[in-house]
Engineer: 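Quick one: this structure, given as structure tokens, is what I'll be asking you about.
As the structure is a computational prediction, the values presented were derived from the model and not from experiment. Values below: all heavy atoms of this structure, side chains included; hydrogens, waters and symmetry mates excluded.
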Amino acid sequence: MVDGVTLTMGVAGSKLEKALGDHFPEGERYFGLENFGNTCYCNSVLQALYFCVPFREQLLEYYSNNKSQGEADENLLTCLAELFSQVVDINSQKKKTGVIAPKRFVQRLRKENDVFRGYMHQDAHEFLNFLLNQLVDILEKECLKATSENVSNGPSNGHVNGVKQELAVTWVHKNFQGILTNETRCLRCETVTARDETFLDLSLDIEQNSSITSCLKNFSSTETLNAEDKFFCDKCCSLQEAQKRMKIKKSPRILVIHLKRFKYMEQLNRHKKLSYRVVFPLELKLSTTLDAGDSEYSLFAVVVHVGTGPNHGHYVSLVKSHNHWLFFDDENAEMIDESAIQTFFGSAQEYSSNTDHGYILFYESLSGDNKSL
């Protein structure tokens, strides 16, 4: 092994190269990721992010501009950038497939968050959420530091010339951030109170034999606030019955949808996995309050949970690259037919032998110049 790269291609890599043959994309590389005991939750998400082309390109640009930094400045962002650069570069080996051991990244992850230190089954969505927020935090601090040094040559404290600086809109924000608006209408005076909030992913409640479209409609459905849940209306200066609705105000470039498959069951006093069949389309239309018409998206990755419960199981990922669908299971990679994706929708019956269910969906916007997949 050299620099975390396994030199042997492996049977799966050979099969993948053979399957793609003359259709192997120019300059693309497909590498499995070694599992360090329980790191399938990490590997599956990293594959999805690697095949998020805008994110990958901006991360590699960041690496190119910052690779001279010493190990003293190592953080999750530098470790992730180094890992992606290994896949792209593979030095002079010119290998198209193989296995990489993301050892430094996993070590850094465990150092940053003790939740991921043990060898218990971890949640892929929790990891994704933690990772994106950490990347944002690192980039914002770097921007504040650079602004402070450029303007005053002084220490970074979030202020320049006594004025508090707004946090930068980072390239992670530009890829993943959308805006929700929370509207509450007082049923006495009809005044609408709106509050905006940002999101990096949407977590949707699911129902049996449903679809992403119906889940999104339920997410934006109107809720009546009454009895103990009355709303304090500033205009009426009192608690009033009201209607509340959450809507997507601005859609993100990369739409990440988390299906809430793990639900706490009071009668069981534990979490249970919902194996519900939820159809997720290859092409998705998303209604927003700001954009003209619907935002159109194309599916490019799915993180799949395999297993019957929340505390044990396995994660794999499906990714789309140059119009081919690939299946990544830690070190192994193989080509699959697009029609196979529907086998990961879930089970129409509660008890089924199929336990491979779509858990996190990654869609890329088709508007503007975002048609890179």
Engineer: Only one of Arg277, His357, Gln208 passes side-chain contact (heavy atoms from CB on, under 4.5 Å) with Ser347; say which it is.
Structural biologist: His357
Engineer: His258 and His125: aromatic ring centres closer than 6.0 Å?
Structural biologist: yes
Engineer: With rounding to the nearest 0.5 Å, note down the distance linking CZ in Phe232 to CG in Leu225.
Structural biologist: 14.5 Å
Engineer: What is the minimum heavy-atom distance between Leu33 and Asn43, and which atoms define it?
Structural biologist: O-ND2, 3.2 Å
Engineer: Do Tyr264 and Asn269 pair up side chain to side chain, a donor and an acceptor below 3.5 Å, judged on atom types alone?
Structural biologist: yes
Engineer: For Tyr363 and Glu296, does a side-chain donor sit closer than 3.5 Å to a side-chain acceptor?
Structural biologist: no
Engineer: Which residue pairs satisfy the salt bridge (charged side-chain N to carboxylate O under 4.0 Å, His left out) criterion with at least one member in residues 200-214, sequence neighbours excluded?
Structural biologist: Asp205-Lys260
Engineer: Quick one: closest heavy-atom pair of Val45 and Ala124, and the distance?
Structural biologist: CG2-O, 3.7 Å
Engineer: Is a salt bridge present between Glu190 and Arg185, judged by a nitrogen-to-oxygen distance below 4.0 Å?
Structural biologist: yes
Engineer: Hey, mind stepping through Gln58 and Asn175 against side chain to side chain donor-acceptor pair (under 3.5 Å) and telling me if it holds?
Structural biologist: CA-CA 10 Å; Gln58 285 161 322; Asn175 278 312; 2.6 Å; yes
Engineer: Classify the ring geometry between Tyr41 and Phe116 as parallel (under 30°), tilted (30 to 60°) or perpendicular (over 60°).
Structural biologist: parallel
Engineer: Flag the pair Glu197 and Arg195 as a salt bridge only when some basic side-chain nitrogen lies within less than 4.0 angstrom of an acidic carboxylate oxygen.
Structural biologist: yes
Engineer: Would you check if there is a donor-acceptor pair between the side chains of Ser221 and Glu223 at a distance under 3.5 Å?
Structural biologist: no
Engineer: State whether the number of non-hydrogen atoms from other residues, nucleotides or ligands found under 6.0 Å of Arg188 atom CZ is greater than 12.
Structural biologist: no
Engineer: Is it the case that Asp329 and His314 place a side-chain donor and acceptor less than 3.5 Å from each other?
Structural biologist: yes
Engineer: Just wondering, more than 12 heavy atoms not from His23 lying within 6.0 Å of its NE2?
Structural biologist: no
Engineer: Does the Lys NZ or Arg CZ of Arg56 fall within the cation-pi geometry relative to Phe51 - under 6.0 Å from the ring centre and within 45° of the axis?
Structural biologist: yes
Engineer: Under a single-linkage definition using a 4.5 Å side-chain heavy-atom cutoff for Ile, Leu, Val, Met, Phe, Trp and Tyr, are Val304 and Phe345 assigned to the same hydrophobic cluster?
Structural biologist: yes
Engineer: Mind checking side-chain hydrogen bond (donor to acceptor under 3.5 Å, both in side chains) for Asn133 and listing every partner two or more places apart, or none if nothing turns up?
Structural biologist: Asn129
Engineer: Taking the six-membered ring of Tyr30 as reference, does the cationic atom of Lys96 (NZ for Lys, CZ for Arg) lie under 6.0 Å from its centre and within 45° of its axis?
Structural biologist: no
Engineer: Could I get the full list of salt bridge (Lys or Arg N to Asp or Glu O under 4.0 Å) partners for Glu241, not counting sequence neighbours?
Structural biologist: none
